[in-house]
Structures are given as structure tokens and as C-alpha cells.
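See below for the structure under consideration.
Remember, it's 1-based here, ligands and their atoms both numbered in the order they're listed. Because only heavy atoms are used, hydrogens play no part in the values below, and waters and symmetry mates are left out as well, while side chains stay in. Sequence positions, counted from 1, serve as the residue numbers for this chain.
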Amino acid sequence: MAQRLTVIGTGYLGATHAACMAELGYEVLGIDVDADKIARLSAGELPFYEPGLEPILRRNLENGRLRFSTSYDEAAEFGDVHFVCVGTPQKPGEYAADMSYVDDTITALAPRLTRACLVIGKSTVPVGTAERLSRRLARLSPAGDLAELAWNPEFLREGYAVEDTLHPDRIVIGVESDRAEKVLRDVYTPMTSEGVPLIVTDYATSELVKVSANAFLATKISFINAMAEVCEAAHADVTKLSEALSHDDRIGGKFLGAGLGFGGGCLPKDIRAFMARAGELGVDQALSFLREVDAINIRRRIRMVDLARELLGGSFIGRTVGVLGAAFKPNSDDIRDSPALDVATSIRAQGGQVTVFDPQALENARRAHPELGYGTSAQDAVADAHVVLLLTEWKEFRDLDPEELGAFVAERNIVDGRNALDPERWRAAGWHYRALGRP
Ligand code: UGA
């Protein structure tokens, strides 16, 4: 394994990829324009919470295989293979993705590439981006055609980033030459030799695999949440419905958890960017169902607020609300498009006094929403509450004892936004238990 790799963009994806590639034995240089982030990573400190990643980061800093820098000169000099892992957030006020970080990366890197190398895009991008960037790369780099582009989408989940990076379900590569394919096959030999399937295709298909995977996952979640709406109207139980569906292995049980729906930095913005791109390609009708997927998802948040208000007799004014969860999902401190914080802020806007607790995301939540109250523990957040809302299903919340928690609240009202608790147990302890999609 001779290659020296750079990883450009050291956010969630990049920091994980850099550390895991070093773990596999490569020499890796991580690059970011954010000097503060680079300083923290160089000191062995992760700028975000991800179980299991920090020891890998530290180990590989110590053994010298991993370094970080802000210098593109150093990146071009160091690497034979350059992974591009910068973000593609939603543009403010639009559905489309903001491509400026990806474009800036190529603009900065290309003129410094003087020898043969492979630039590999991993960021989630609108289909057609790789084609466009490959032309730009060839035009701007002194190495000309020897500086080639490939696309290699990433499927890692936050909270399982290490496992997903080192043992992915599949590797997808979009290439335009045998040389690029060979380089990527070499890079991923440690995984393919363990039986991980590698799919070789063109640029456009590889880009589409990523967004269609996220669109499918979002659709699956919204499907079960639409069933939850029907269950609520028909006095049926969506958790039983989902369990029964899951035994059909054509359907499967994963991503069939009804509740407050999806958030985070990927699913919501990816389905919107996908719709925007389909519109540009003249096939917006093909993806118009994603508009409904998005709408179902947002309606769950509204329903959650309505349920809490109902439990309080019709108004939040002068009432205390204890919120368990701020991260968009457990095992993460990420609050981007967090359903939990969306619910918390709209209850506050309607006059409720809201106190939030989350095991990892408190600092991020406080920075983004200083107007909310914050507790130091689940018990602290629910102190004197008239209603408790479970909005992110951390294990420590699932394991709460209804009897013990009951001692802290003013009234034993709970809305389980993630169908994570046992209703019988909570009702037996004297709680009014309500949940999304359940009688
Ligand atoms: C998602 C995809 O799962 C990854 O494969 C992909 O690589 C990543 O986006 C990305 O594009 O980078 P992630 O955003 O980490 O990963 O989160 P997920 O585990 O997919 O969860 C997304 C949301 O769906 C969470 O808010 C979660 O609470 C919600 N969810 C998940 C449900 O509401 N119900 C379920 O049954 C499952």
C-alpha cells in the first residue's frame, strides 16, 4: 500500500475517512480551511461526538500515519490520491445544494497538481457535478489529463461512522478510465478482500446511487409515518403494524420506526436537492412524491406539538414542558434540522416554558437556541413539568424508570415522540402516556 492520501474537508465525513484510512495503514494528510478545526484534530480532539472515533484518531496521530494541515500546497505535494469530503448544505431559501465548497476545493487544488494523481469526490452532489468538475480539473491543473477525477459516494451514518467506513455495505465508484478504477480498487483492497461488494459505474450513476439511497430511506420513514397518521384516525397501533410488516423480508423492519421523523444534515437536504436537480433535468414529475415525503415528515413535528398541547388542556401558556433530546438522533451531537429542537422551539413560541436535556448535544443546542432552557440531566429537565416529551431516543431515556421520574414532575403526562417506551409500564406508574400513531 504505497499511496499517500489526502482528505480535503475534515467535517464529519472527512475526519472519519482520514482517521479510518490511516487505521488501514495509509499515510494520510487531512486538510481544512478552518484552522481551529485543524488545531483540534492535530491535538487528537474531535470537533463532534462520534462513538469510537477518537481512539482511532489519537492512535494514528501517535504512530505518525495521520497529520492535519490547512495548506493546499502541502496537500498537492503529499498526495497521490485526494479525497474531497467537503459539505454541500442546502442553499438558504432554496431547495438546491450549495456547491461552493466543492467548487472552491477543486479551484484551490487543481492549479497545484503537477504530477499524476486521482481526485476522488465523496461529497453528496447533484448528478452531473463530477462531469463538470472533471473538465475543470483538466483545465486548471498543470498535470492536465494526468490529474483525473473519480466519484465515490459515502454511505456512513452518524453514530456508526467508524463501522460504516471500515466495513461498508458496498463501495460504489464512478470512473472514466481503467487507471482510475485500478487506483480505487487498490485503495479499497482491505475492504474488498473481506467480501465488501465494489460496484464500478459511470460518474452520473455513482452520484445518483447516493441521493437515491437517501431518498429511499426518507420515503420508508415517511411511509410508516403516513401509516401512523391513519392509525391515529382509526385507533390502530402503528408499532404493531410496523412489526407485522417487518416480517415480510421484501419490506424489512429497518427504517420503519414511526415517530417524529427524520432530520439531520443529510436526509432532509438531500431529498430537496434531488428534487431541485430533477427539475433542472426536466423530470421533476419523477420526484414529485418526495415533496409529499417531506410534507409527511414535517407534519409529524406539528402533530407532536398538538398532542402535547392537548395533554395540557389546550394551551402551553404558563405550563412547564420537559424535553428529552435535542440531537436529530441518538449517539450524535448533531442538531442540524433536529426534529426535537423544532418541536421545543415551537412550543416555546406558543408560550410554554421549555427545558431541554440531551446527553451530548446540549452545547450545540444552547448555541443555536439560547432562548430555550437547559437542564443538567433528564430529571433536572423534567423538574415540575406539566408534560414530558421524549424526542430523541437515547438509551438513557429508554431506560428511565417511570416511577422514579414521576417524583420530579408536576403532572405525570408524557408524549413518546419516538415510540421508545413501554406504554403499559408508564401507564401502570400513573402516567398519561400518548405517542405518535398509537391509540
Ligand atoms: C443518513 C443515511 O442513513 C446514511 O446512509 C448517509 O450516508 C447519510 O445520511 C449521509 O447522507 O451522509 P444519518 O443522517 O447519519 O445517515 O442518519 P440516519 O441514521 O439515516 O437517520 C436519519 C433520521 O431518520 C434521524 O432523524 C432518525 O431519527 C430518523 N429515523 C430513522 C426515523 O425517524 N425512523 C427510523 O426508522 C429510522
Side-chain angles (χ1 to χ4, degrees), residues 9 11-17 48-51 85-90 97 122-125 152-165 168-172 207-228 238-239 241-243 245-246 251-274 293-294 296-301 303-304 325-343 358 361 390-394 397 416-420 435-437:
Y12 221 95
L13 166 58
T16 307
H17 192 66
F48 50 83
Y49 174 77
E50 180 60 42
C85 295
V86 295
T88 52
Q90 190 176 342
K122 286 190 89 63
S123 310
T124 301
V125 294
N152 168 221
E154 179 57 56
F155 304 100
L156 69 81
R157 296 160 298 167
E158 296 188 10
Y160 302 89
V162 172
E163 174 68 16
D164 287 352
T165 304
D169 295 334
R170 76 297 209 185
I171 297 164
V172 176
E207 293 166 319
L208 277 174
V209 171
K210 172 59 194 267
V211 281
S212 54
N214 276 0
F216 188 84
L217 295 172
T219 304
K220 211 172 169 194
I221 297 169
S222 277
F223 173 82
I224 200 65
N225 283 332
M227 294 308 111
V238 75
T239 63
L241 178 95
S242 165
E243 185 193 333
L245 290 178
S246 74
I251 297 175
K254 290 179 183 160
F255 274 66
L256 217 53
L260 198 47
F262 59 83
C266 303
L267 261 45
K269 68 110 177 155
D270 285 353
I271 61 169
R272 293 173 196 149
F274 200 12
V293 166
D294 204 0
I296 293 165
N297 193 51
I298 298 300
R299 278 208 297 277
R300 292 288 77 190
R301 304 178 185 188
R303 176 67 183 144
M304 185 73 204
F328 83 103
K329 68 172 190 181
N331 297 319
S332 169
D333 65 354
D334 195 340
I335 57 155
R336 284 176 295 170
D337 203 342
S338 164
L341 285 176
D342 212 0
V343 168
D358 188 284
L390 193 154
L391 303 182
T392 313
E393 70 281 30
W394 285 93
F397 299 155
D416 178 359
R418 294 292 181 180
N419 285 307
L436 294 168

Chi angles and distances behind the salt bridge (Lys or Arg N to Asp or Glu O under 4.0 Å) call for Lys269, Asp337 | CA-CA 9 Å; Lys269 68 110 177 155; Asp337 203 342; over 6 Å; no

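Partners of Lys329 by side-chain hydrogen bond (donor to acceptor under 3.5 Å, both in side chains), not counting sequence neighbours: none found. Taking the side chain to side chain contact (heavy atoms under 4.5 Å, CB included) definition, one finds that Asp164 meets it with Leu156, Arg157, Tyr160, sequence neighbours left out.
For the pair Thr392 (side chain) and Trp394 (backbone), a donor-acceptor distance under 3.5 Å is absent.
Cation-pi geometry between Arg336 and Phe328 is not met: the NZ or CZ atom fails to fall both under 6.0 Å from the ring centre and inside 45° of the normal.
Listed as neighbours of ligand 1 are Glu154, Phe155, Leu156, Arg157, Glu158, Lys210, Asn214, Leu217, Ile221, Phe255, Leu256, Gly257, Gly261, Phe262, Gly263, Cys266, Leu267, Asp270, Phe328, Lys329, Arg418, each bearing a heavy atom under 4.0 Å from the ligand.
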Atom pairs and distances, donor-acceptor, side-chain atoms in residues 208-217, under 3.5 Å, two or more places apart:
| residue | atom | partner | partner atom | Å |
| --- | --- | --- | --- | --- |
| Lys210 | NZ | Thr124 | OG1 | 3.0 |
| Lys210 | NZ | Glu154 | O | 2.8 |
| Ser212 | OG | Leu208 | O | 2.6 |
| Ser212 | OG | Val209 | O | 3.3 |
| Asn214 | ND2 | Asp270 | OD2 | 2.7 |

